Structure formats: structure tokens, C-alpha cells
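Source: prediction; values computed, not measured. When a ligand or atom number is given, it counts from 1 through the structure's own listing order.
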Amino acid sequence: MTERFTGSFTQQEPIPDDAIAAAVAVMRSGRLHRYNTAPGESPEAALLEQDFARLTGARHCLAVASGGQALAIALRAAGVRPGERVLTNAFTLAPVPGAIAAVGAVPVFVEVTERLVIDLADLEERIATTGAKLLLLSLMRGHIGDMAALRRLCDDEGVTLIEDCAHTMGARWDGRPSGRFGLAGCFSTQTYKHANSGEGGLIVSDDDAFMARATVLSGSYMFYDRHPAGPGPDAYAAARYEMPNCSARMDNLRAALLRPQLALLADRAQRWNERYRIVEDGLRDVPGLATVPRDPREGFVGSSIQFRLPGRDAASIADLVARCAARGVELKWFGAAEPAGFTSRHESWRYAPPQRLPRTDRVLATLLDMRLPLTFSLDDCRLIARIIAGEVASNRAARRLGV
Ligand SMILES: *Cc1c(COP(=O)(O)O)cnc(C)c1O
């Protein structure tokens with residue numbers, strides 16, 4: 001009998017009851033806007049910022065409307081000017097080059113390795129050839145490269161580092177929380193990330209002047225003194241006049257949904273990794289399939305898994321994706337010629353000048369990606385791994401026979 005998986009790859013867990021209760025309380029109060037407070041009240045948005053700053057060990061935190069807004073605000077607060085070049089790894093999702101374009105800057109893509117992390121030699125070369133002064137590092141699919149080596153390179157070259165932590169909320173490198181290696185870390189609380197408020201974003205930083213600029217940019221008006229996880233009033237002396245108000249605030253309703261979820265992050269990470277390890281174990285010894293090795297210093301959160309099929313051509317990969325789909329297993333292919341769903345590759349971001357990225361192209365050509373929502377049971381994960389392993393084997397046999 002051919003096994004089939006019938007679960008949904010896009011079904012997240014429900015919002016926890018205490019988060020629902022907190023959200024209902026905000027709605028009953030009518031005070032959803034973060035600056036609409038009763039005397040003596042600490043609004044949920046400000047409390048969320050304090051909670052997340054504590055969780056990451058950052059001095060400051062700012063909650064905003066989305067992860068993409070967090071990135072664009074961070075770039076602008078870091079001083080990126082229109083026309084300036086901004087480095088970013090070429091394996092990422094569209095909101096990252098999108099945020100660079102949103103501030104009028106020009107993306108410079110950097111190669112990624114087979115471990116799906118930024119290629120430091122290529123980074124060094126592109127810094128030298130472009131003179132770019134800022135790296136927006138996308139920790140795509142939660143793969144965290146050698147952050148110590150990256151930091152050293154950025155410091156030596158005078159390059160400012162901002163981390164896109166959309167897939168690394170709750171992750172660590174060598175014990176240090178992701179998002180804490182450069183000027184700022186940007187997180188997303190959109191439904192498919194590690195905490196779910198529908199839409200939302202968070203920025204963490206230790207830098208007073210940066211955070212003052214980011215806060216005014218986020219749409220604080222002159223209420224920046226209502227950011228207890230932000231810098232003191234002196235930090236705003238210039239920002240209050242110089243930064244435009246770009247209205248990308250987070251509201252109290254979303255913040256109320258998020259605060260109880262922050263307390264669950266460590267538990268969720270453990271449950272995600274259990275699922276990740278089961279699928280990884282089921283795929284590890286499949287001939288023709290390469291799992292992605294992980295560095296022992298990488299405290300990752302396995303909310304999705306990637307694997308490669310080195311040497312396969314496009315037709316064979318498209319066939320495998322279709323066979324798995326027919327058995328209920330949804331794989332995304334980062335090498336597909338046309339952008340589809342949430343995947344796209346650098347050639348389709350035509351607002352950026354075309355760039356040569358042979359190594360990345362080679363990696364992405366055979367790279368497959370699968371979500372692992374927490375609604376999957378451990379048995380679901382075993383079944384999914386069996387289906388993929390079986391289809392890879394028969395797809396290989398078919399290829400050998402030339403059918
Ligand atoms: C989701 C995502 C973002 C942007 O987050 P939104 O909250 O959806 O704007 C940025 N980078 C990566 C890698 C993402 O997956």
C-alpha cells in the first residue's frame with residue numbers, strides 16, 4: 001500500500017489560551033493603539049518590548065508592524081542612504097532585498113555555501129569591489145554560519161552588521177542569542193515564524209542613537225518617552241527632528257498575543273528540533289540525497305528542513321516535487337525558474353542590478369525546502385521522511401532507466 005500524508009504544511013498551532021485572554025482584555029479596554037493608555041497603565045506593546053529585550057539580553061527593543069518593516073527601519077536608522085550599496089546573502093526571501101530597495105538602496109548579493117550560510121571569502125571580495133559598508137545578513141531557514149569569523153571580518157572591514165532573524169527567534173550561536181552579533185537584530189512575528197501575531201516585527205539593539213532613530217521612524221510622534229525598553233530622552237535630541245515618521249507601529253492587540261508566546265519559545269524550539277531530527281535521520285542515508293550539516297555551536301530552531309539532490313537536473317527535481325505532492329508532502333524548490341509561493345531567486349528581483357552568483361545558483365538548483373509545523377506529530381514526521389526517501393529512490397531508479 002502506498003502511504004500518503006494528509007496533514008497541512010501551513011497549519012500552525014492555535015494561539016495559547018492565556019494569549020487569547022490577554023487579547024480579549026485589550027479589546028474590551030478599547031485601547032488598541034500603543035500610545036492610548038489609561039493613567040498609570042503599561043501598554044502591552046511596551047511590555048512586549050521589555051520582555052523581548054530581557055529574553056535576548058539587548059538593552060533596547062522596538063516592536064513594529066512587520067519583519068520587513070523592522071528591516072527597512074533598521075537600515076534607515078543605521079544611516080543607509082538612497083543609492084548606497086547594501087550587502088546581503090543571495091539565498092533569502094523577497095522581503096530582504098525588498099527592505100533594501102524600500103530605503104532606495106541597491107542590493108549586492110553575496111554567495112552562499114552548500115551549508116546555506118554566507119560565503120565569507122566572497123563577502124570579503126564583494127566588500128572590496130563595491131565598497132559597501134553594511135551587511136544585512138539573512139539567517140535564512142535558520143542556518144547560522146560562523147558568527148565569530150563573520151564579526152571579525154566585518155570589524156576588520158568597517159562593515160556594519162544587521163541580522164535578519166526571521167527564522168532564528170530563540171536560536172543561538174555559541175550560546176549567544178541570534179540577533180546580538182551586530183548593530184541590530186530584526187525579527188518577524190508573522191504567522192509562519194516562531195511566534196504568531198499574524199503580522200509583526202521586533203528590532204533589538206544596544207545602540208542608543210540607532211534605537212532613537214528607529215523609534216521615531218516607526219511612527220512614535222513625540223511619544224518616544226513611552227518606550228521603557230528604548231533609550232533615555234537625550235538620545236532623541238537629533239532624531240526627533242531629523243527622522244520622518246513612517247507609521248509602522250505595533251498595536252497592543254498583537255503585543256498581547258505575543259507576550260505569552262515568548263515564554264513558550266524554548267519549549268517550541270525543543271519540539272521543533274525533535275521533529276527536525278526525525279526527518280533528518282530518515283533522510284540522512286538516502287543515496288543521492290544530501291542533508292545540510294549543522295555546526296555543533298549552532299543552537300538552531302528546526303522549524304523547516306532543507307536538503308539537496310546534487311547532480312539532479314531540473315526535470316528530475318520537478319518530477320520528485322510532483323511525486324511527493326501527490327503523496328501529500330509539500331516541498332518547495334528554490335531552483336525553480338519562475339518565482340512561486342514564497343520562493344524566488346535573485347534573478348527574479350529585477351529591481352536589483354543582475355549579478356553573477358554561480359555558486360549560489362548551483363546550490364539552489366538542487367535545493368528543496370520543507371516546513372515542519374508544530375501541528376505535525378512525531379509519527380507524521382516519520383511518515384513524511386519515509387515518503388521522501390521512497391520517492392527519491394524511485395525517482396533515481398527511473399532516471400537510471402531513462403524513463
Ligand atoms: C518572513 C521573512 C521576513 C519578513 O517578515 P514579514 O514579517 O513577513 O515582513 C524577512 N526575512 C525572511 C528570511 C523571512 O522569511
Side-chain angles (χ1 to χ4, degrees), residues 9-10 12 45 48 52 61-76 86-103 105 107 109-110 112 116-118 134-145 161-171 178-179 182 184-204 214 217-219 246-251 254-255 257-258 261 272 292 300-306 332 334 339-346 348-349 352 360 364 367 369-373:
F9 282 79
T10 52
Q12 303 301 97
L48 172 70
F52 198 65
C61 176
L62 173 70
V64 296
S66 74
Q69 285 293 330
L71 296 174
I73 288 169
L75 290 174
R76 195 159 181 181
V86 172
L87 301 148
T88 191
N89 39 304
F91 173 44
T92 185
L93 287 184
V96 176
I100 297 172
V103 298
F109 298 114
V110 182
V112 292
L116 307 182
V117 299
I118 195 163
L134 191 136
L135 167 63
L136 178 55
L137 176 71
S138 182
L139 298 161
M140 178 65 176
R141 288 299 185 251
H143 295 276
I144 311 175
L161 171 65
I162 293 178
E163 294 169 84
D164 164 27
C165 304
H167 303 163
T168 57
M169 183 183 277
S178 185
C186 301
F187 297 80
S188 167
T189 62
Q190 186 240 79
T191 293
Y192 296 108
K193 318 295 165 121
H194 298 173
N196 176 8
S197 59
E199 304 284 357
L202 293 160
I203 306 173
V204 296
L217 283 166
S218 79
C246 296
S247 282
R249 295 168 299 273
M250 181 180 282
D251 56 89
R254 286 187 173 84
L257 292 173
L258 288 170
Q261 293 184 60
W272 257 313
V292 182
F300 66 96
V301 180
S303 51
S304 70
I305 190 164
Q306 293 69 47
K332 300 289 177 200
F334 277 98
F342 55 82
T343 58
S344 54
R345 53 184 191 180
H346 64 93
S348 14
W349 304 325
T360 303
L364 299 194
L367 182 68
D369 174 67
M370 187 174 75
R371 278 192 181 122
L372 287 172

Output, or 'none' if empty, a list of ligand 1-protein atom pairs in which both atoms are N or O and the distance is under 3.5 Å, rounded to 0.1 Å.
from     : atom 1 : to     : atom 2 : distance (Å)
ligand 1 : 5 (O)  : Ser188 : OG     : 3.4
ligand 1 : 7 (O)  : Gly67  : N      : 2.7
ligand 1 : 7 (O)  : Ser188 : OG     : 2.7
ligand 1 : 8 (O)  : Gln190 : NE2    : 2.8
ligand 1 : 9 (O)  : Gly67  : N      : 3.4
ligand 1 : 9 (O)  : Gly68  : N      : 2.7
ligand 1 : 11 (N) : Asp164 : OD1    : 3.3
ligand 1 : 11 (N) : Asp164 : OD2    : 2.9
ligand 1 : 15 (O) : His167 : NE2    : 2.6
ligand 1 : 15 (O) : Lys193 : NZ     : 2.7

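Using cut-offs of 30° and 60° on the angle between ring planes, the pair Phe91 and Phe334 is perpendicular.
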Tabulate below the donor-acceptor pairs under 3.5 Å that side-chain atoms of residues 135-142 make, not counting sequence neighbours, or state none.
from   : atom 1 : to     : atom 2 : distance (Å)
Ser138 : OG     : Thr92  : OG1    : 2.8
Ser138 : OG     : Asp164 : OD2    : 2.9
Arg141 : NE     : Asp369 : OD1    : 2.8
Arg141 : NE     : Asp369 : OD2    : 3.3
Arg141 : NH1    : His167 : NE2    : 3.3
Arg141 : NH2    : Asp369 : OD2    : 3.1

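A ring-centre distance under 6.0 Å is found for Phe52 and Phe187.
You'll find the side chain of Phe109 stays beyond 4.5 Å of the side chain of Asn89, heavy atoms only.
Residues satisfying the side chain to side chain donor-acceptor pair (under 3.5 Å) test with Thr360, not counting sequence neighbours, are Glu111. Here Thr191 pairs with Asn196 under the side chain to side chain donor-acceptor pair (under 3.5 Å) rule; sequence neighbours left out.
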